[in-house]
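To start, the structure itself, in structure tokens.
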2 protein chains.
Amino acid sequence: MKNYVDILKKADLKATLQRTAILEIIDQYGHIGIEQLYQTIIRSHATLSLATVYKNIITMVEKGVIVEVAIMGSKPQYELKKAEHIHLICQSCGSVNDEMIDSDDLKLLKERKDFRFASSQINLYGLCKVCIDTSHTKASA
Amino acid sequence: MKNYVDILKKADLKATLQRTAILEIIDQYGHIGIEQLYQTIIRSHATLSLATVYKNIITMVEKGVIVEVAIMGSKPQYELKKAEHIHLICQSCGSVNDEMIDSDDLKLLKERKDFRFASSQINLYGLCKVCIDTSHTKASA
DNA sequence: CTTCATGCAAATAATTTGCAGTAAG
DNA sequence: CTTACTGCAAATTATTTGCATGAAG
């Protein structure tokens, strides 16, 4: 469990209860979309408004506290800013899992002339372990 | 210039004038979002409706004729289904450029247990050549 | 012919905004 | 105190849907 107040202050943002709650939930889920984030947060903070969620997502992305993960075929999700990694996205259940990579692996990919690299987003789409197993079970049942 | 009628028929879709027009523009632009696609298309096909654009984008994605490119910080764009490549996305001007890659390069990335790989989407964010040069010009002016 | 696609208008969903009241530093 | 944040409601934008008409195979 991270110190969300600290994270916010380092980003020059006031550490409001709403923001720490949002960060806490994003951290718990790993990745989450706006609507699910909102539905989750109002269980513990009943008065927190959807507009506040939107506004904070925008400012926290701007300040680099969180990162928007663009996903083919669905709405974006948000994650805490963290070490470089790729996403394994299940096209059956929608789960998103992080996978660490050796940052040297992609050095050649990033070092290119005529483009000043800033960041990358690498998504692999397919079936997660659970869904592979589930489909086997169904098929053989 | 490709044979869009053929592409559509192979995908079991009727080759309507609207669909070929949409494919032609996507092909010309390389990547394009819904709104720009619509604005462009009505110059030559004044009566083509936005609803038709939406419906066709959805069905052509389903049939694998086109691919949705999810982009951090903006609406998705669409491209023709083509050989594996990565995207160089300029965070200043928004341009999206394809870059071919050796498919062996990423073999280790894709071959992982506990995940059945289907497809990947690799985006590099940064500054394109034009915007690098432009910022130099401004800075030294 | 028969089936599927189009266009319109209306419905719904998603996101943004303005502003008065509150809380953080 | 002062500035920035929140919550509400309203506005705007984006996307989807139903249905009558029209075109493709």
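Order of the sequence lines fixes the chain letters, A, B, ..., with proteins taken first and strands second; residue numbering starts at 1 for each chain.
Of all non-hydrogen atoms in B:S120 and A:L124, the two that sit nearest each other are CB-CD2, 3.6 Å. Nearest heavy-atom pair across A:K82 and A:G30 is NZ-O, 3.9 Å.
No side-chain donor-acceptor contact under 3.5 Å links A:T52 to the backbone of A:L48. B:K81 places no side-chain N or O within 3.5 Å of a backbone atom of B:V65 that could act as its donor or acceptor partner. Side chain of B:R116 to main chain of A:C128: no donor-acceptor pair is present (N/O by atom type, distance under 3.5 Å, no hydrogens or angles).
Taking 4.5 Å as the limit, every side-chain heavy atom of A:L88 sits out of range of all side-chain heavy atoms of B:D114.
Contacts classified as ring-ring contact (aromatic ring centres under 6.0 Å, His included) and involving residues 59-94 of chain A (residues at least two apart or in different chains) are given here: A:H31-A:H87, A:H85-A:H87. Pairs passing the salt bridge (Lys or Arg N to Asp or Glu O under 4.0 Å) check and including a residue from residues 61-71 of chain B, sequence neighbours excluded, do not occur.
No continuous path of hydrophobic side-chain contacts links A:V67 to A:I71 [ILVMFWY only; heavy atoms under 4.5 Å]. A continuous path of ILVMFWY side-chain contacts below 4.5 Å connects B:F117 to B:I122, so both sit in one hydrophobic cluster.
Evaluated for a side chain to side chain contact (heavy atoms under 4.5 Å, CB included) with A:L37, the options A:I42, A:N56, A:I32 yield exactly one hit, A:I32.
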Distances under 3.5 Å between protein N/O atoms and the N/O atoms of nucleotides 10-13 of chain C, please, pair by pair.
none

Between N or O atoms, less than 3.5 Å apart, protein on one side and nucleotides 21-25 of chain C on the other: list the pairs.
unit_1, atom_1, unit_2, atom_2, d
C:dA24, N3, A:K14, NZ, 3.4
C:dG25, OP1, A:A15, N, 3.3

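The side-chain hydrogen bond (donor to acceptor under 3.5 Å, both in side chains) check on B:K9 picks up nothing, with sequence neighbours excluded. By the side-chain hydrogen bond (donor to acceptor under 3.5 Å, both in side chains) test, A:T16 is found to be paired with no residue, residues two or more places apart in sequence or in another chain being considered. Partners of B:Y125 by side-chain hydrogen bond (donor to acceptor under 3.5 Å, both in side chains), not counting sequence neighbours, listed by chain and number: B:N123.
The stretch residues 33-43 of chain A does not touch DNA chain D, since none of its heavy atoms comes less than 4.0 Å from the strand. Of all the residues in residues 18-30 of chain B, B:Q18, B:R19 reach under 4.0 Å from DNA chain C with at least one non-hydrogen atom. Only B:S49, B:A51, B:T52, B:K55, B:N56, listed by number, bring a heavy atom of residues 49-63 of chain B to less than 4.0 angstrom from any atom of DNA chain C.
For the helix from C:dC1-D:dG25 to C:dG25-D:dC1, the axis fitted to the five pairs at one end and the axis fitted to the five pairs at the other end meet at an angle of 50° (nearest 10 degrees).
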Could you tabulate the donor-acceptor pairs under 3.5 Å formed by side-chain atoms of residues 89-97 of chain B, not counting sequence neighbours?
none

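When rounded to the nearest whole Å, the span between CD of B:E68 and C1' of D:dA14 equals 14 Å. Taking atom OH of B:Y78 as the reference point, atom P of D:dA14 lies 13 Å away to the nearest angstrom.
Separating the OH atom in A:Y4 from the CG atom in A:L23 is a distance of 7.0 Å, to the nearest 0.5 Å.
Annotation: A:K10, atom NZ; neighbour count of heavy atoms from other residues, nucleotides and ligands within 6.0 Å does not exceed 12.
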